[in-house]
Engineer: 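First, the structure itself, so that you have it in front of you.
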Amino acid sequence: MKNIFFSEKCYDIVKRIPKGKVMTYKSVAKTLGTNAYRVVGNAMNKSPGMPEMPCHRVVKSNGEVGGFVHGTRKKIEMLNMEGVKVKNGKVDLEEYRYSLKSKS
DNA sequence: CCGTTGACTCTTT
DNA sequence: AAAAGAGCCAACG
């Protein structure tokens with residue numbers, strides 16, 4: 001039993017997203033066993049900036065990139081560099097959506 | 001305990 | 001299709 005903040009769990013999940021894949025805020029929250037998609041976003045925003053923190057691989061459910069500290073546009077370019085093709089500011093979730101069980 | 005805050009999501013107009 | 005409203009829930013003061 002780990003008594004860590006919800007945010008910490010989010011970071012753990014996000015860090016597990018493989019390159020070239022993306023996860024929606026909702027999926028991350030679901031993986032953590034809750035529907036607090038908002039808290040996931042908040043957690044990313046207040047992200048400590050730890051290394052290997054691909055917060056840019058977390059997107060909205062409708063495929064939009066969402067927000068980013070350096071700007072949404074920057075995030076899109078990063079995703080493209082990772083191999084995720086972003087069309088008109090959107091990601092093909094059908095192709096890049098990634099699922100992960102938060103089994104310890 | 002209560003109110004505010006959010007890088008969200010879904011439904012209705 | 002685009003906009004507005006309602007709903008979701010942890011962290012903070």
Engineer: Only counting residues at least two apart or in another chain, list the ones meeting salt bridge (Lys or Arg N to Asp or Glu O under 4.0 Å) with Asp92(A).
Structural biologist: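 Scan of Asp92(A) (salt bridge (Lys or Arg N to Asp or Glu O under 4.0 Å), adjacent residues dropped) gives none.
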Engineer: At 4.0 Å (heavy atoms only), tell me whether Lys75(A) reaches a base, stays on the sugar-phosphate, or touches nothing.
Structural biologist: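 Contact class for Lys75(A): base.
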Engineer: Whole Å only: how far is the CZ atom of Phe68(A) from the P atom of dG6(B)?
Structural biologist: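 One finds 19 Å between P of dG6(B) and CZ of Phe68(A), rounded.
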Engineer: Taking side chain to side chain contact (heavy atoms under 4.5 Å, CB included) as the definition, give me every residue that meets it alongside Val22(A), ordered by chain and number, with sequence neighbours left out.
Structural biologist: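 Val22(A) satisfies side chain to side chain contact (heavy atoms under 4.5 Å, CB included) with Val59(A), Leu79(A), Val84(A), Val91(A), Leu93(A), Tyr96(A) only.
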Engineer: Run the side chain to side chain donor-acceptor pair (under 3.5 Å) test against Glu95(A) and tell me which residues pass, sequence neighbours left out.
Structural biologist: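 In terms of side chain to side chain donor-acceptor pair (under 3.5 Å), with neighbours along the sequence ignored, Glu95(A) is linked to no residue.
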Engineer: How many angstroms lie between atom NZ of Lys9(A) and atom OG1 of Thr31(A), to the nearest 0.5 angstrom?
Structural biologist: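 It is 12.0 Å, given to the nearest 0.5 Å.
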Engineer: Can you sort out the partners of Phe68(A) under ring pair (Phe, Tyr, Trp, His ring centres under 6.0 Å), two or more places apart, ordered by chain and number?
Structural biologist: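 Counting only residues at least two positions away or on another chain, Phe68(A) forms a ring pair (Phe, Tyr, Trp, His ring centres under 6.0 Å) with His70(A).
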Engineer: Near DNA chain B, which residues from residues 79-91 of chain A have a heavy atom under 4.0 Å away?
Structural biologist: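 Those residues whose heavy atoms fall under 4.0 Å from DNA chain B, taken from residues 79-91 of chain A, amount to none.
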Engineer: Given atom CZ of Arg73(A) and atom C1' of dA7(B), what is their separation to the nearest angstrom?
Structural biologist: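 Taking CZ of Arg73(A) and C1' of dA7(B), I get 18 Å after rounding.
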Engineer: How would you list all residue pairs meeting side-chain hydrogen bond (donor to acceptor under 3.5 Å, both in side chains) that involve residues 45-61 of chain A, not counting sequence neighbours?
Structural biologist: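 The answer is Arg57(A)-Glu82(A).
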Engineer: How long is the line joining CE of Met53(A) and P of dA7(B), in whole Å?
Structural biologist: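 Computing the Met53(A):CE to dA7(B):P distance gives 16 Å.
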Engineer: Tell me every residue that passes side chain to side chain contact (heavy atoms under 4.5 Å, CB included) with Lys21(A), counting only those two or more places apart in sequence or in another chain.
Structural biologist: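 Testing Lys21(A) for side chain to side chain contact (heavy atoms under 4.5 Å, CB included), a comparison that skips the adjacent residues, returns Ile17(A), Pro18(A), Tyr98(A).
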Engineer: To the nearest Å, give me how far apart NZ (Lys46(A)) and P (dA7(B)) are.
Structural biologist: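 My rounded result for the distance is 8 Å.
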Engineer: Taking atom C1' in both dA7(B) and dG13(C), what distance in whole Å separates the two?
Structural biologist: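 Rounded to whole Å, the distance is 22 Å.
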Engineer: Applying side chain to side chain contact (heavy atoms under 4.5 Å, CB included), can you list everything that pairs with Glu77(A), at least two apart in sequence or on another chain?
Structural biologist: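 Only Arg73(A) meet the side chain to side chain contact (heavy atoms under 4.5 Å, CB included) criterion with Glu77(A).
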Engineer: Restricting to nitrogen or oxygen on both sides, can you table the protein-nucleotides 8-12 of chain C pairs closer than 3.5 Å?
Structural biologist:
from: dA11(C); atom 1: OP1; to: Phe6(A); atom 2: N; distance (Å): 2.9

Engineer: To the nearest Å, give me how far apart CD (Glu64(A)) and C1' (dC10(B)) are.
Structural biologist: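 The answer, rounded to whole Å, is 14 Å.
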